[in-house]
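Reminder, nothing fancy here: chain letters follow the sequence lines and each chain counts from 1.
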Amino acid sequence: MPELPDVEGFRRVLESCARGRVVRRVEVRDTGVLHGVGARGLRDALEGRRFAEPERRGKWLLARTDGPTLLLHFGMTGLLLCDDPDAPAAGPDAAPDAPATPPQAHDRVLFTLDDGHRLRYRDQRKLRGLWLAHDESDLDRLLARQGPDALTVGRDDLAAALATRRGRLKTTLTDQSVLAGLGNLLADEILWRARLRPDRRARDLTPAELRRLHARMRATLRSAVPAGRVPPRASWLTGHRDDPDPVCPRCGTPLRRTRMGGRGTVWCPRCQGDGD
DNA sequence: ATACCTCCCTGTGGGC
DNA sequence: TGCCCACAGGGAGGTA
């Protein structure tokens, strides 16, 4: 489920695959992922354009070109893939000029580049998709409701963002208008590391707790970003979400499972239970 | 204004 | 065996 580290990984895919390359062909295989633009409009806007330096903002990926900017959001099941044009054709029956890897059922939009590489936006569930921004004001309008980015936010700005929030800490951290980039798994992971109960009121954190939260958030993101995902390691809380009878990897206490803001929430009643 | 609820999307797995 | 439903969760939109 793409969160900040995943999208950072997709940014690297886009950068290495497409930066400096011209879009030769845009193939929309499912218009259901397009927002505010049709297949024809997307094609006309992007074919012949050259990809520039991509950018990530929260969970959004900005594919800048020398013209419009394509905005990608990956929802829960989205991916960005890059085909290697030098990979051997798939199977003995493949035509000589066939793409190395045929489109799969969930490949919704394909971008063929002038060097033969091909980008694929793949998404099983189509919860989000692709937007097109013709200029900076389009871009600002689409991203207007985002809070500061979780990867770069300073401690004081984080404190300020939480200071007025009466809601629960967990749901506040995943509210993109408060802080951009954290999803359900990261929020649980960070709160567990910071030893903070997810149902604390966001604005009630002490200065010491805010420092802890900020430090643990940074450390967690620093580990997850290079991996391009929230690593499901045994030493991480995330590594135990789906265990049948999960226990805390730190203290062995059975983990508690609740629902917060409609999302599954996992936390340790011992590590995160005291001191509030 | 803030906080919470329902729905969208699709595939999977459990229960009967 | 096959059907039905809950569930996964990012975010929009509506309501309290």
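- Counting to the nearest Å, the C1' atom of C:dG13 and the CG atom of A:Asp175 are 14 Å from each other.
- If you measure from atom NZ of A:Lys59 to atom P of C:dA12, you get 10 Å, rounded to the nearest angstrom.
- Put simply, A:His106 has no side-chain N or O that comes within less than 4.0 Å of OP1 or OP2 on B:dT10.
- Within 4.0 Å of A:Arg165, counting heavy atoms only, lie sugar-phosphate atoms of the nucleic acid but no base atom.
- Taking atom NE2 of A:His35 as the reference point, atom P of C:dG10 lies 16 Å away to the nearest angstrom.
- A:Gly261 comes within 4.0 angstrom of no nucleic acid atom, judged by non-hydrogen atoms across all strands.
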What protein N or O atoms touch nucleotides 14-16 of chain C N or O atoms at under 3.5 angstrom, if any, and at what distances?
none

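- Taking the ring centre of A:Trp192 as origin, the terminal cationic atom of A:Arg250 falls inside the region bounded by 6.0 Å and 45° from the ring axis.
- No side-chain heavy atom of A:Ser235 sits less than 4.5 Å from a side-chain heavy atom of A:Pro249.
- Clustering ILVMFWY residues whenever any of their side-chain heavy atoms sit less than 4.5 angstrom apart, transitively, puts A:Leu179 in the very cluster that holds A:Leu4.
- Of the side-chain N and O atoms in A:Arg125, none sit less than 4.0 angstrom from OP1 or OP2 of B:dG11.
- Side-chain nitrogen and oxygen atoms of A:Arg259 include none within less than 4.0 Å of the OP1 or OP2 phosphate oxygen of C:dA6.
- When each of A:Glu189, A:Arg263, A:Lys170 is paired with A:Asn184, the side chain to side chain donor-acceptor pair (under 3.5 Å) condition holds for A:Lys170 and for no other.
- Taking the nucleotide of DNA chain C with the nearest heavy atom to each of A:Met76 and A:Leu142, the more 5' of the two is matched to A:Met76.
- Using the six-membered ring where Trp is involved, A:Phe74 and A:Tyr121 have ring planes that are tilted, between 30° and 60° apart.
- The CG-P distance, from A:Asn184 to C:dC7, rounds to 15 Å in whole Å.
- Here the C1' atom of nucleotide B:dT10 and the NZ atom of A:Lys126 are 9 Å apart, to the nearest Å.
- Rounded to an integer number of Å, the gap from CZ of A:Arg168 to P of B:dC5 is 8 Å.
- Annotation: of the two residues near DNA chain C, A:His73 and A:Arg257, the 5′-most nearest-nucleotide partner is A:Arg257.
- Following rounding to the nearest Å, A:Phe10 (CZ) and C:dG10 (C1') show an atom-to-atom distance of 14 Å.
- Using a 4.5 Å cut-off on side-chain heavy atoms (C-beta onward), A:Thr69 and A:Glu55 make no contact.
- Within the 4.0 angstrom heavy-atom criterion, only backbone atoms of the sugar-phosphate kind lie near A:Gly75; the bases stay farther away.
- Mapped onto DNA chain B by nearest heavy atom, A:Thr164 and A:Gly262 fall at different nucleotides, with A:Thr164 at the one closer to the 5' end.
- Contact between the side-chain N/O atoms of A:Gln124 and the OP1/OP2 oxygens of B:dC9 is not found at any separation under 4.0 Å.
- Across the protein-nucleic acid pair, A:Leu179 atom CG and C:dG10 atom C1' stand 15 Å apart, rounded to whole Å.
- Salt-bridge check for A:Arg56 with A:Asp149: passed, with a basic side-chain N closer than 4.0 Å to an acidic carboxylate O.
- Taking the ring axis of A:Trp236 as reference, the NZ or CZ atom of A:Arg193 stays within 45° of it and closer than 6.0 Å to the ring centre.
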